[in-house]
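Below you'll find the structure, written out as structure tokens, and then a few comments.
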Amino acid sequence: MDPILNPYAPGAGMPPPELAGRDDLLKRVRITLERARLGRPAKSVLAVGLRGVGKTVILLKSSDYAESKGMLVTRVEAPESRSLPALLAPGLRLAMIELARKSRARELARRALRGLAGFAGALKVKYRDIEVGLDFDPEPGLADNGDLELDLQALLQAVGEACASADTGLAMFVDELQYVTEDELAALIVALHRTAQRGLPVTLVGAGLPQLRGRMGRAKSYAERLFDFPEVGPLSWEAASTAIVKPARDLGVDFQREAVEMVLREAEGYPYFLQEWGKHVWDAAEGSPITASDVRSASASTLATLDEGFFMVRFDRLTQAERKYLRAMAELGPGPHRSGQIAAELGRTVTSLAPMRAKLISKGMIWSPGHGDTAFTVPRFDGFMRRILPGADWRL
């Protein structure tokens, strides 16, 4: 098969050729965006799920939709090392500069920019990573207290009032939201609560690992009443089949049924794995129809690519002790596992391992689906750990 025509698109946040099985969630986000644009009550949406389920693609599609409806859009990814003010400020600045070009919103947009100048200046001492161009001098008393919770409320209110004057809305899209600290999440929750109470057209669409739901609840107990937390999981058998078969069929290439079933079993319904398997199976096939033999031929190269990219980039961030912890989990299987089981596998006590477990959760490698339970955030990571650290030498 011609690799140049290969329709599959594995890659972080890469839109697949066929976005199957996500129509209901996309519709849910679009309703939220439309209601926010009109200044009507709408819960912000925070999609949660494991790695490789397509959360970033959902954010991308939704932000494109918001822009097509004339909304102002900011897009950021939250790394572990950046503060929330540093993430939000540049996008808010660009949105208000764009809004200031509209005559009916000009004064309020400029006021929001003055608020942003005060916000950045007052918080620069605490959050030294704030880097944002300042277009106006600060307005005394507007978002300049130096308290993130108070200042973010005032800033988003000023932004919301500017948007309302132009009959538009602001949609903030934030990926990897689980890396934001809980005190910063609390400030964001309070600020969004304030704009919602005033009917201002500001909303948040975010995505994160499963622990995000708990982090939001700990940050502010009323978060569950302000946000929807749709869970993004593996695709159904039917949707996964469509994701594999339709892109090839659109190019005049068919799959034998057994070949489709083999790919679906290997990928376990995870969209990223489906794209990786599809790519390698296409490249291995001699022609149409693609057969089970083609899938078997592609297995080694697919796993090697996943090991070198998808898995290894996470493995490389781990200390030696953390690797042993995850290898002990892998020894027990896919999970989830009780903390006591993992401790027993390592010959340690649960208490002594608690700090390491907490660190691995903060790194986004594991999460707790229930009290005392631990699970991988990366599908099939148990198999990778057994491949990269085979035998019993890892115990030494």
Side-chain angles (χ1 to χ4, degrees), residues 6-34 43-66 68 171 173 175-178 205-210 212-213 227-251 253-282 290 295 298 302 305-306 310 334 367 369 375-381:
N6 193 317
Y8 302 100
M14 293 286 290
E18 181 64 27
L19 186 56
R22 303 305 190 205
D23 290 347
D24 288 347
L25 177 53
L26 289 170
K27 180 180 178 181
R28 188 170 173 179
V29 175
R30 287 168 183 168
I31 290 172
T32 292
L33 292 170
E34 290 284 11
K43 287 185 177 182
S44 293
V45 178
L46 302 181
V48 296
L50 302 181
R51 303 287 186 191
V53 294
K55 302 184 299 296
T56 301
V57 171
I58 290 167
L59 290 189
L60 177 61
K61 291 289 186 180
S62 299
S63 65
D64 287 346
Y65 176 83
S68 75
F173 292 85
D175 203 359
E176 303 286 7
L177 198 54
Q178 77 279 346
V205 181
L209 293 173
L212 175 61
R213 187 188 294 110
F227 301 93
D228 278 333
F229 293 93
E231 188 168 339
V232 188
L235 296 176
S236 67
W237 189 269
E238 180 181 2
S241 179
T242 299
I244 282 294
V245 171
K246 190 175 183 298
R249 187 167 291 163
D250 288 345
L251 295 175
V253 176
D254 290 320
F255 272 81
Q256 288 184 350
R257 181 175 178 177
E258 185 183 359
V260 175
E261 292 175 349
M262 288 181 67
V263 170
L264 267 54
R265 283 195 299 270
E266 292 287 356
E268 300 178 8
Y270 290 99
Y272 181 84
F273 294 163
L274 285 166
Q275 295 303 306
E276 201 69 77
W277 279 93
K279 176 189 181 299
H280 286 269
V281 168
W282 175 283
I290 293 173
V295 178
T302 306
T305 299
L306 287 171
F310 187 74
W367 71 292
F376 292 108
T377 60
V378 182
R380 296 184 60 145
F381 203 73

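In this text, all values refer to a predicted model and were calculated from it rather than measured experimentally. All residue numbers in this chain count up from 1 along the given sequence.
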Notebook entry, point to check: Below 4.5 Å, heavy atoms only, C-beta onward: do R249 and D254 meet side chain to side chain?
Noted result: yes
Next item on the list: Could you pull out the closest heavy-atom pair between P379 and F273, with the gap in Å?
Entry: O-CZ, 3.5 Å
Notebook entry, point to check: For the side chain of Q275 and the backbone of A9, is there at least one donor-acceptor N/O pair under 3.5 Å apart?
Noted result: yes
Margin query: Distance check, rounded to the nearest 0.5 Å: E276 atom CD versus T305 atom OG1?
Written below: 5.5 Å
Check: How far apart are the closest heavy atoms of G208 and Q178, and which atoms are they?
Finding: CA-OE1, 3.1 Å
Item checked: Which atom of A248 lies closest to which atom of Y8, heavy atoms considered -> CB-OH, 3.6 Å
Check: What residues form a ring-ring contact (aromatic ring centres under 6.0 Å, His included) with Y272, not counting sequence neighbours?
Finding: F310
Next item on the list: With rounding to the nearest 0.5 Å, note down the distance linking CG in L59 to CG in D64.
Entry: 11.0 Å
Item checked: Point-to-point distance, once rounded to the nearest 0.5 Å, from CD of E268 to CG of L274 -> 10.0 Å
Next item on the list: Locate the shortest heavy-atom distance separating G21 from L235; write the atom from each residue and the value.
Entry: CA-CD2, 4.2 Å
Notebook entry, point to check: Would you say Y65 and L26 make side-chain contact, with heavy atoms under 4.5 Å?
Noted result: no
Item checked: Candidate pair D250 and K246, rule salt bridge (charged side-chain N to carboxylate O under 4.0 Å, His left out), full reasoning -> CA-CA 6 Å; D250 288 345; K246 190 175 183 298; 3.1 Å; yes
Notebook entry, point to check: Is the number of heavy atoms from other residues, nucleotides or ligands within 6.0 Å of CZ (R30) greater than 12?
Noted result: yes
Next item on the list: Flag the pair W237 / E261 as yes when at least one side-chain heavy-atom distance between them is below 4.5 Å, and no otherwise.
Entry: yes
Next item on the list: Please determine if E176 and R51 form a salt bridge, counting it only when a charged side-chain N lies under 4.0 Å from a carboxylate O.
Entry: yes
Check: Between N6 and W282, is any pair of side-chain heavy atoms under 4.5 Å apart?
Finding: yes
Check: Atom NZ of K43 and atom CD1 of I31: how far apart are they, to the nearest 0.5 Å?
Finding: 14.0 Å
Next item on the list: With rounding to the nearest 0.5 Å, note down the distance linking CG in L264 to CD in E266.
Entry: 10.5 Å
Next item on the list: May I ask you to decide if the ring planes of F229 and F227 are parallel, tilted or perpendicular, using 30° and 60° as cut-offs?
Entry: tilted
Next item on the list: Say whether, by atom type as modelled, one donor and one acceptor occur between the side chain of K55 and the main chain of G49 under 3.5 angstrom.
Entry: yes
Item checked: Smallest separation among heavy atoms of L33 and A66, with atom names -> CD1-CB, 4.0 Å
Notebook entry, point to check: Which heavy-atom pair separates S44 from T32 by the least distance, and what is that distance?
Noted result: CA-CG2, 4.5 Å
Checklist line | Nearest-0.5 Å distance that lies between atom CZ in R28 and atom CZ in R22 | finding: 12.5 Å
